Amino acid sequence: MTVEYSAVVGEVFDRRGFALALHEAGARVAGGRVEAFKSRFYRIDDGVIAAGEAREAMVHAAVAILPGRGEDVRRRLAQLTVELLGRYVRPVEGVRVQLTCEVRELEVYEKVVLP
């Protein structure tokens, strides 16, 4: 999972807590193992949201999963992700924060785990 977030929410976004919660709950929804989940976070210092006003912010999660899961599973994973973002991103006074998620299937994926 790759998460991009506006700099203004950096201090109010419990990224580690969110990732750990999503890894556990996401494994149940997608039928995977917690060990397979990986999360990366990128702060956006330069971005434009909506009309470009400073009171707009975002947190966007892009979740990539192995092929074979149906649309229902992908939809539930997206809904779960946005719900958890709502728990782990606290409001910022005067700022409207958009929480979004996309779930896509990986076409090709290779993994090696070193001892």
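Values below: all heavy atoms of this structure, side chains included; hydrogens, waters and symmetry mates excluded. This one's a predicted model, so the numbers in the text were calculated from it and none came from an experiment.
- Cluster membership check: Val9 shares its hydrophobic cluster with Val95, using side-chain heavy-atom separations under 4.5 Å among Ile, Leu, Val, Met, Phe, Trp and Tyr.
- Nearest heavy-atom pair across Ala27 and Arg33 is CB-C, 4.0 Å.
- Residues His23 and Ser39 share a closest heavy-atom pair of NE2-OG, 2.7 Å.
- Side-chain N or O atoms of Glu24 include none that pairs as donor or acceptor with a backbone N or O of Val34 at under 3.5 Å.
- To the nearest 0.5 Å, atom OH of residue Tyr42 and atom CZ of residue Arg15 are 13.0 Å apart.
- Between Ala61 and Thr81, the shortest heavy-atom contact is CB-CG2, 3.7 Å.
- Tracing side-chain contacts under 4.5 Å through hydrophobic residues (I, L, V, M, F, W, Y), one reaches Val89 starting from Val92; they form part of the same cluster.
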query = Checking side chain to side chain contact (heavy atoms under 4.5 Å, CB included) for the pair Ile49/Ser6: CA distance, chi angles, key distance, verdict?
reply = CA-CA 10 Å; Ile49 300 164; Ser6 298; 3.7 Å; yes
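- Environment of CD in Glu35: crowded, with over 12 heavy atoms of neighbouring residues, nucleotides or ligands closer than 6.0 Å.
- In this structure, Arg90 CZ and Asp14 CG are separated by 8.0 Å, a value rounded to the nearest 0.5 Å.
- With contacts defined as side-chain heavy-atom distances shorter than 4.5 Å, the pair Phe18/Val3 qualifies.
- Of all heavy-atom pairs spanning Val29 and Leu77, the tightest one is CG1-N, 3.9 Å.
- Put simply, the side chain of Arg69 gets close to the backbone of Ala30: a donor and an acceptor are under 3.5 Å apart.
- Tyr5 contributes atom OH, which lies 14.5 Å from atom CG of Leu99 (distance to the nearest 0.5 angstrom).
- Between the CG atom of Leu80 and the CG atom of Leu85 there is a distance of 9.5 Å, given to the nearest 0.5 Å.
- Counting non-hydrogen atoms of other residues, nucleotides and ligands closer than 6.0 Å to CZ of Arg43 gives a total of 12 or fewer.
- Gln98 and His60 share no donor-acceptor pair across their side chains, judged by distance under 3.5 Å alone.
- Note that the CZ atom of Phe41 and the CZ atom of Phe13 stand 5.0 Å from one another [nearest 0.5 Å].
- Cluster membership for Val82 and Val12, using ILVMFWY side-chain heavy atoms within less than 4.5 angstrom, is shared.
- To the nearest 0.5 Å, atom CD of residue Glu102 and atom CZ of residue Arg74 are 12.5 Å apart.
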